[in-house]
Structures are given as C-alpha cells and as structure tokens.
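Each chain gets a letter, A, B and so on, in the order its sequence line appears, and its residues count up from 1.
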Amino acid sequence: MPNFFTDNEDIQFLFNHMNLKHLAGVCEEGFKFHGEHDFAPENAEDAVDNYRRILETLGELCAEVIAPSSTDTDRTGNVLNEDGTVTYAPGIKNALDRLSQAQLMGFTLPYRYGGLNCPQLVYTMSNDIVSRADASLMNIYGLQGIAETINAFADDRIKADYLPPMAQGKWTGAMVLTEPDAGSDLQSVKVRAYQDEGGNWYVQGVKRFITNGCGEVLLVLARTEPEIADGRGLSLLLVERGPKVKVRRLEEKLGIHGSPTCELFFDDAPAKLIGERQRGLITYVMSLMNGARIGIASQSLGIAEAAFRLARNYAHSRRQFGGPIEELPAVRELLVNMRTDIQAARALTYFATYCVDIEIGVVRKLESGATLDPTAAKQLKNDSRKYKRFNSMLTPMSKYWASEMCMRVSNDSVAVLGGSGYMKDYAAERHLRDARITTIYEGTSQLQVLAAVRGVMAGTALTVLDELLTRDWPPEIAPVAEQVREGQKLLARAMEFIKAQNSTEYMDLCGRRLVDMAINLIVAALFCDHATASPAKKALLHRWLSVRLPEARMNYETITSGNRLVLEEFAALAGPVPALD
Amino acid sequence: MGYDCVVCAKQVPDTKNITGQAMKDDGTVNRAALPAVFNPEDLHALETALDIRDRFGGTVTVITMGLPKACQVLRDALYRGADRAILITDRRAAGSDTLATSYILSTAIRKLAPDIVLCGRQAIDGDTAQTGPQIAEKLDFTLISYLEELQALEDQTIRVKRNVGNGWEVVEARLPVLLTVMNTANTPRPSGAKRIMRFKKAKAPAEVAGEVAAQMPQAGKPEQAAETKNRCDALAAKGLLIDQWDLSTIEADLAWCGLAGSPTKVHRIQAIVLAGGQYRQFQPTDESVGELVGELIRDHTIG
Ligand SMILES: Cc1cc2nc3c(=O)[nH]c(=O)nc-3n(C[C@H](O)[C@H](O)[C@@H](O)COP(=O)(O)OP(=O)(O)OC[C@H]3O[C@@H](n4cnc5c(N)ncnc54)[C@H](O)[C@@H]3O)c2cc1C
Ligand SMILES: Cc1cc2nc3c(=O)[nH]c(=O)nc-3n(C[C@H](O)[C@H](O)[C@H](O)COP(=O)(O)OP(=O)(O)OC[C@H]3O[C@@H](n4cnc5c(N)ncnc54)[C@H](O)[C@@H]3O)c2cc1C
C-alpha cells in the first residue's frame with residue numbers, strides 16, 4: 001500500500017535517528033497519564049511506537065485518499081455562497097472528514113481535551129507528509145496552532161468549551177491578524193475591540209487575507225487600548241463564527257486553491273478575551289506565529305518533496321538524444337541539488353522543532369510549581385533561556401530557508417520536465433504555484449531574515465555550532481567536522497566586521513548573506529551527525545560541503561567588502577519610479 | 001433501538017504487493033512471501049456496518065476464523081471502530097472448504113443473534129464468493145449479495161441497491177439479513193489514532209500463550225499456563241482481551257468441520273501464464289471505434 005510516511009527515506013531516517021524517546025518523556029511528564037487515559041503510553045518505547053503508528057495511518061491516508069484528489073481541488077477551489085458561507089472543494093471536505101475520523105485534528109493537545117499529546121516534532125512530520133499530498137489542505141490541517149494557543153493562554157472555561165470540538169475536527173480555526181494597512185507591520189493593526197457596560201467584548205473592523213476565515217474559531221488581533229498606538233495596545237480575542245462575522249470575499253490566488261483566503265468583516269461581533277489585555281501581539285501572537293512558521297517550513301518540505309519525486313521519476317523515463325535525460329550531467333545536478341536541499345531544510349526544521357519541544361518541556365516544568373532542588377532549578381532556568389534563544393533564531397531560519405528551498409526545488413522540477421512541466425498535464429506547475437506562497441505568509445523571507453540575523457549577531461549561531469560540533473567524532477567524520485569549524489571562524493569574523501560598522505542598516509543589508517552563512521554551517525554540523533549513522537548521509541555531507549563552503553566564503557567576502565552601493569546609489573541602481581498603466 | 005451487526009472478516013495473503021516468489025515450485029501459495037492483510041472487500045463490509053451503527057445505533061462485532069495471527073485483522077477492525085472482536089480458532093477447523101467454513105461461521109453467528117450479517121463479496125485468495133451466501137442459507141437469513149448502497153433501514157426493513165453486473169437492482173427485505181458488500185460501496189474509514197494507541201495491545205489468549213512460550217521456554221507447561229492466565233486476566237481487566245472461541249465453544253458438529261466437513265477435493269492446480277499475443281490497433285476515430293464495437297458484439301465479448 002502506498003504510504004507517504006513509510007516511503008519517505010529521509011523522514012524515516014530522522015524519525016529513527018532523532019531522540020524521540022526523550023521528547024516522549026518530556027511530553028508525557030513521566031508517563032503520568034497512563035492509567036488516567038486508557039490509550040496513553042506506559043513508557044518511551046510505547047510512546048514512540050504510537051508516533052510511528054499514527055504517522056503510518058496518516059501516510060496511508062495521504063497517499064491513498066488525499067493526494068489523488070489534489071489536482072481536482074486545485075481546479076475546483078472553494079465557493080463563497082450567497083449566504084456568506086464557504087463550501088470547501090470536495091477533496092478538502094473529504095480529507096478533513098477522514099482526518100477527523102482518524103482522530104488527527106488534535107495532534108499536540110493534551111489528552112484531557114481529546115488530543116494526542118504528541119511532540120511538536122511529530123506534528124511537524126505530519127505537516128510535511130500532508131503537504132506532499134496537498135499543500136492547500138495543510139493550510140487548514142496545519143491550523144492546529146489555534147487550538148494550541150487557546151490551550152496555552154486562555155482560561156479554563158474557554159479551553160473546555162473550544163478545545164474538545166477542535167480536537168475532534170468538528171471546528172476549525174483561523175488566525176486573524178492581517179489588515180489592508182497592517183501586513184508585515186502588525187503593530188499598526190486598527191481593528192478595534194471594546195467592552196460594553198456588562199464587560200462583554202465586541203470586535204469591529206475589517207481583516208483581509210485570512211486563511212480559513214470561514215472557520216468556527218477565529219483568533220483576532222485587535223486594538224483594545226485606543227490610546228496606545230503600537231503593539232502594546234493590542235489584545236487577542238476569540239470570535240466564534242456567527243451572524244456578526246461576514247466573509248465578504250474569497251481571494252483569487254496563484255496557488256493553494258483548496259485553502260480559502262477570506263476578507264472578513266466584524267460587525268460588532270461578540271468576542272472573548274484570551275489571556276490578558278495588551279499581551280496580544282507581544283506574547284500570544286508571537287507564540288502562535290512561531291509555531292505557524294515551523295508549520296510553513298514543513299509545508300515547504302512537503303511541496304518540495306512532491307515536486308522532486310515527480311522530477312526524479314520523469315528524468316528516469318524521459319528519453320532524449322538516445323537515452324534517459326537523467327544521464328545528462330546538467331539534469332543530474334538539478335536532481336542532486338533538489339534532493340540535497342530538501343534534506344538540508346528538513347534537518348534544520350526538525351532540529352528547530354526538537355529544540356521547541358525541549359523548551360516547552362522546560363517551561364512546563366518551571367511553571368508546574370513543583371519544588372526543585374536549587375541546582376536543578378538553576379539548570380532548568382539556564383535551559384529555558386538557552387532554548388528560547390535557540391528557537392528565536394532557528395525558527396525564522398527554518399521558515400526562511402525551507403520556503404526559499406521550496407521555490408527553488410519546485411522551479412527546478414518544472415525545469416526537469418521541460419515543456420511538459422509548464423503544462424497542466426503534470427503537477428509540476430501546481431507545485432510551483434503552491435510553493436510561491438511559502439516565502440510570503442507568516443512573515444516574508446525578509447522578515448524572517450530580520451529576526452534571524454539578530455540571533456546570529458547575538459552569538460546564538462556560534463553557540464549552536466559549538467553544541468553540535470563539540471564531541472568525539474569517528475575518524476572518517478573528524479576532518480569534515482574540522483572544516484565546519486573553520487567555517488565557524490569565518491562566520492565569527494564576518495560578525496565582527498558587521499559589528500565594527502556600528503550600523504543597523506548595514507547589518508540588515510548583509511542580513512541574508514550572514515544568515516545563509518550560519519545556516520550552511522548549522523546544516524553541515526547536523527549532517528556530520530547524520531553521517532555517523534548512515535552511509536547515504538555521508539555522500540550528502542560531502543556534497544553539501546562542496547557547494548556550501550564556497551558559498552559561505554563568497555558571502556564572507558561580500559559582507560567584509562563593506563560595499564554599501566545598494567544603499568548609497570539606490571536611485572541610480574534602481575532607476576526612477578516607472579508609471580504603470 | 002439500533003441494529004446488532006456481525007462482520008465476517010478474513011485474513012488473506014496480500015496479492016497486490018507480492019514480494020519474492022508468490023508460488024512455490026509445487027504450485028502452492030508461498031504464504032511466507034505474501035504479507036497477510038485484511039481481505040479488501042471485508043473492509044467495505046466493516047464500513048457499511050460502522051455506518052449503520054453511526055446512523056442508527058447498535059453494535060458491530062467482527063469475527064474471523066483462522067490462525068491466531070488473524071487477530072491482526074481483528075485489531076485493525078477495532079482501530080477503525082468495531083465494538084467487539086472474536087477469533088474463531090481450532091486445529092480441528094484446518095482444511096475447511098467453503099461448506100465447512102460457512103458452517104463454522106454460521107454456528108458462531110447464531111450465538112450472537114445479530115440483526116444483520118455482513119461479508120465481503122469475495123476473498124482475494126479463495127475467490128469463491130460462496131462463503132457469505134452459504135452462511136445466509138445455514139442461518140436462514142435473507143441473502144442480499146453485491147451491496148453497492150444501503151438505501152434505507154427502517155424498523156425491520158432494509159432497502160439495498162445491488163450491482164448485478166449489467167445494471168442495478170433495488171431490493172427490500174425484512175431483517176435478519178446477510179449482506180455481501182462490494183468494494184464500490186464506500187470508502188473504508190481510516191484507523192483512529194487513539195483507538196490504535198489503545199487497541200494495539202489487544203490480544204487473544206492464543207497469542208498470549210505463544211508469547212509466554214517464547215519468553216519462558218524453560219518453564220513447564222503448568223507454569224506457562226498460569227502465566228498466560230495472569231496476562232489474559234490483566235488484559236481482560238483493561239478490556240483488551242480479544243474473545244477466542246473454538247469449535248466446542250460454538251457447539252459445532254465436528255462432522256461438518258475441517259477436512260471431515262469439506263467435500264472439495266482439489267484435483268489439480270494449473271499455472272496459466274497469459275502471454276501477449278496478437279493485437280490490433282484502432283485509431284481514435286468514430287469509424288474505427290465503431291468497427292471495434294461491432295467486432296466485439298459479433299464475437300459475443302459484449303452485448
Ligand atoms: C487457491 C485456493 C482455492 C480454493 N478453492 C476452493 C474451492 O474450489 N472450493 C472450496 O470450497 N474451497 C476452496 N478453497 C478454500 C476456501 O478459500 C476457504 O476454505 C474458505 O474458508 C473461504 O472461501 P473463500 O476464500 O473463497 O472466501 P469467499 O467465499 O470468497 O469469501 C467471501 C466472504 O466470506 C467471509 N469469509 C470467508 N472466509 C472467512 C473466514 N475464515 N473468517 C471470516 N470470514 C470469512 C468474508 O467476509 C469474505 O469476504 C480454496 C482456497 C484456496 C487458497
Ligand atoms: C494566501 C495568503 C494567506 C494568508 N493567510 C493569512 C492568515 O491566515 N492570517 C493573517 O493574519 N494573514 C494572512 N496572510 C497575510 C500575510 O501574512 C501577509 O500578506 C504577509 O505578512 C505580508 O504582508 P503584506 O502582504 O502586507 O506585505 P507588506 O508588508 O506590504 O510587504 C511587502 C514587501 O516589503 C517587505 N518588507 C516589509 N517590511 C519589511 C521590513 N521591515 N524589512 C524588510 N522588508 C520588509 C516584505 O518582505 C515584502 O517583500 C495571508 C496572505 C496570503 C497571500
């Protein structure tokens with residue numbers, strides 16, 4: 001039986017290689033739920049066996065039911081009905097029904113609300129698998145972060161009311177942030193929330209570009225403090241779908257046609273406050289977005305995986321000049337680059353997610369109120385700080401690199417298919433259209449770089465590299481790890497150069513190059529580790545270094561040139577603003 | 001209200017995913033090379049039963065006759081939502097043909113006194129499609145074969161659309177009935193994650209005994225039996241013990257079971273290799289297609 005989990009060697013490798021047992025211990029809090037819930041695991045082996053079985057079920061569903069309807073979903077799209085309701089494409093509706101039957105809509109929620117209490121890493125794997133089957137489905141399936149946010153920050157009443165139907169898949173959610181004048185800059189959100197004399201909250205205003213805005217549970221970022229103009233005046237509110245929420249429009253888009261992108265009008269819609277006032281953007285949305293960014297990174301992996309497989313298969317069977325095109329060096333390099341970069345992005349994204357799971361576990365322990373001996377408490381606090389720093393850099397790095405990779409790979413997939421790649425007869429053109437969104441939503445690549453570069457400049461990338469590289473390497477890996485160490489020194493020198501310029505503008509100008517350098521090295525370090533466990537990964541490591549170390553040196557040279565022409569000669573280089581007809 | 005359904009499920013070699021040599025040199029099936037799976041159409045029978053329960057209430061019990069390893073299909077049925085699973089296993093049932101198999105299954109079903117029995121249309125190994133109809137005959141239940149759609153179920157009356165090959169028939173019958181279900185009837189639901197996490201530990205006593213024997217090879221028989229009983233009791237306490245029946249439990253007449261109850265004698269098995277022979281190409285024009293259809297009608301392939 002076809003199965004998108006078991007047939008994916010790379011996911012299989014990481015599933016076996018990464019320390020899922022450790023994460024199981026973290027999530028299951030000492031396996032205390034066994035006995036309370038008849039399905040909760042007894043120990044780490046039991047839990048990991050569950051993860052495997054869950055992903056196998058999902059993998060089968062994706063291969064047998066979801067992928068076959070993805071072309072139809074792309075062509076059909078969703079419909080906005082006269083009464084303001086939205087009808088999903090049949091393939092999406094069927095897929096969501098099946099995912100609910102498979103009890104997969106509460107992946108990371110606690111057992112008590114009907115969830116599976118899985119680590120984020122396993123959820124990330126599931127998003128990777130779902131997106132390969134249908135990228136647009138992932139936009140709805142992958143909105144489980146809405147429920148996670150409610151679980152993390154809302155009061156018990158709201159949790160008890162909303163989480164069980166969400167875990168059952170009866171209700172889906174939406175993340176309602178963007179407005180016409182507030183895109184990348186969410187601090188300027190204008191939609192207003194206010195209270196009546198009875199203390200009841202209402203939301204008023206227009207939001208646009210909202211994925212699944214037709215869902216039942218809307219988390220809305222709105223201004224509750226009209227006198228505070230920036231992010232500190234914003235709170236997060238839960239609005240239930242109802243007569244006071246109107247879907248005014250469905251966007252017509254380049255790709256992800258199965259995902260409804262809505263313009264919403266809140267007509268004094270009744271709302272409930274999540275957590276505390278004023279923490280909407282700075283705490284809750286930041287947390288929600290971090291999860292969502294990992295989600296988009298994994299969506300990128302799935303799309304790229306589908307695009308690569310198609311190209312690999314086509315290159316094998318298509319014959320030109322008397323042989324299959326896969327024998328031509330240029331085609332070979334395309335294919336090798338595609339697969340190498342998918343593995344790189346997956347290594348980075350899964351590693352980032354692993355660190356997120358550790359951080360969640362540490363914070364949960366700290367907040368549990370359990371009495372700890374002073375050394376243990378200190379250790380936990382240090383870990384909490386350390387992983388928070390890691391994650392605030394690794395998350396935007398993963399989103400940035402995986403989504404850019406996804407665009408390259410889906411573009412190269414069309415290249416391998418030649419003219420056929422441009423035609424609707426093959427899925428390559430759909431993958432390319434679907435891929436294009438990944439670098440935009442949940443923060444554009446430029447914004448991810450902006451966030452990541454601050455982490456790199458604060459020394460976090462160097463620390464991550466130290467952690468990954470400091471160990472006894474087997475003799476065949478040791479010299480390679482040494483090369484990565486050399487690269488690390490280059491990164492440190494580039495950082496010093498930027499610091500010496502004493503200019504945020506210059507730092508942002510170099511942002512992408514510096515972040516690329518850091519990612520090249522972090523992935524190299526992860527590949528060193530993977531190479532200790534698999535011969536195939538050894539070849540991958542060598543290929544990666546042969547391409548990415550020279551690239552890092554090139555970036556080093558550009559950064560340390562101090563060249564500011566883009567800023568200083570903008571008018572000359574970008575030319576005058578043309579009139580558009 | 002509600003309807004009690006019994007689904008007959010068979011574990012079969014997976015002929016779709018053949019690994020290695022599917023046939024031994026002597027022409028018999030090499031079961032080792034074929035992974036065992038849920039007989040595909042039985043999954044559709046199970047889905048029909050679960051759908052009946054979801055819409056009208058009642059219960060779904062799945063039974064299988066086979067070796068203890070057939071519990072795999074029972075667990076699979078539990079993952080998908082069955083309420084109860086029963087393994088019918090007995091050395092004395094070995095070598096049963098369709099007559100004996102349907103006798104044994106009908107005897108077991110009689111104990112369960114269901115309103116509706118559901119079978120797959122056909123098993124992909126034995127391929128006779130006789131078991132369901134023979135069970136109906138023995139139970140004196142109305143048989144409705146080739147179910148493609150369950151159109152209505154009201155009180156004691158069922159209405160079914162059956163696919164008769166060159167068309168459909170809608171029939172109505174009074175319960176109890178036996179339905180054989182086609183693979184076009186529905187899409188089987190996936191396993192539920194939480195049900196997998198729970199029921200992956202469900203076992204039948206025969207499986208537990210096998211496990212104990214493997215883990216405590218030096219122990220004597222009474223010691224192993226005691227350990228088996230302990231483990232079974234523990235499973236039962238958690239609702240994870242799969243019921244296991246043998247021919248005595250169902251009070252079967254041994255003369256009708258196993259080899260003794262199987263008049264079928266396999267005379268000869270012949271391997272037939274279909275080799276590509278002559279072929280003709282037809283152009284995608286009306287004329288050419290008309291010619292093809294005419295020819296097919298003349299040689300009675302269609303029409
Ligand atoms: C190659 C081969 C040839 C055979 N030829 C003959 C033959 O010519 N005549 C003969 O009488 N027998 C024959 N048998 C034996 C026969 O297959 C089995 O003995 C019988 O148990 C089931 O018949 P079936 O596989 O044809 O099932 P079918 O009658 O095709 O199965 C229909 C449905 O009955 C139910 N069912 C069948 N078996 C079981 C079970 N063990 N437990 C629960 N539900 C069940 C399932 O719902 C299944 O979908 C043959 C077996 C093999 C492997
Ligand atoms: C299909 C789709 C689905 C969406 N779903 C949702 C959703 O569910 N919920 C939701 O709230 N929003 C959603 N969005 C909105 C999305 O998050 C925004 O479109 C995105 O954040 C960019 O905002 P913008 O479109 O206003 O672009 P702008 O902010 O106008 O950006 C334009 C360009 O300027 C660059 N830029 C802006 N600021 C900076 C900076 N400081 N430094 C460097 N470069 C900068 C950007 O990178 C970009 O290249 C969705 C969008 C789309 C297209």
Heavy atoms of other groups near Tyr146(B) OH, more than 12 under 6.0 Å: no
Engaged part of Phe199(B) at the chain A interface, taking heavy atoms whose separation is under 4.5 Å: neither
Within 6.0 angstrom of Lys170(A) NZ, more than 12 heavy atoms from elsewhere: no
Any pair counted as salt bridge (Lys or Arg N to Asp or Glu O under 4.0 Å), so long as it reaches residues 101-129 of chain A, sequence neighbours left out: Asp128(A)-Arg346(A)
Inter-chain contacts: residues 225-240 of chain B against chain A, heavy atoms under 4.5 Å: none
Residues of residues 186-193 of chain B with any heavy atom under 4.5 Å of a heavy atom in chain A: Thr187(B), Pro188(B), Arg189(B), Pro190(B), Ser191(B), Gly192(B), Ala193(B)
Shortest non-hydrogen separation from Lys194(B) to Gln103(A) and the atoms involved: N-OE1, 2.8 Å
Crowding at NZ, Lys200(B) (>12 non-hydrogen neighbours, <6.0 Å): yes
Gln151(B), CD atom: more than 12 neighbouring heavy atoms under 6.0 Å: yes
Leading residue by heavy atom contact count with chain B [cutoff under 4.5 Å; candidates Leu104(A), Leu116(A), Leu99(A), Leu61(A)]: Leu116(A)
Greater than 12 external heavy atoms within 6.0 Å of Tyr426(A)'s OH: no
Neighbour count above 12 (heavy atom, 6.0 Å) for Glu154(B) CD: no
CE-NE2 distance between Met197(B) and His34(A), expressed to the nearest 0.5 angstrom: 11.5 Å
Crowding at CZ, Arg309(A) (>12 non-hydrogen neighbours, <6.0 Å): yes
Residues from residues 37-57 of chain A approaching chain B under 4.5 Å (heavy atoms): Asp38(A), Phe39(A), Glu42(A), Asp46(A), Asp49(A), Asn50(A), Arg53(A), Ile54(A), Thr57(A)
Lys161(B) atom NZ: more than 12 heavy-atom contacts under 6.0 Å: yes
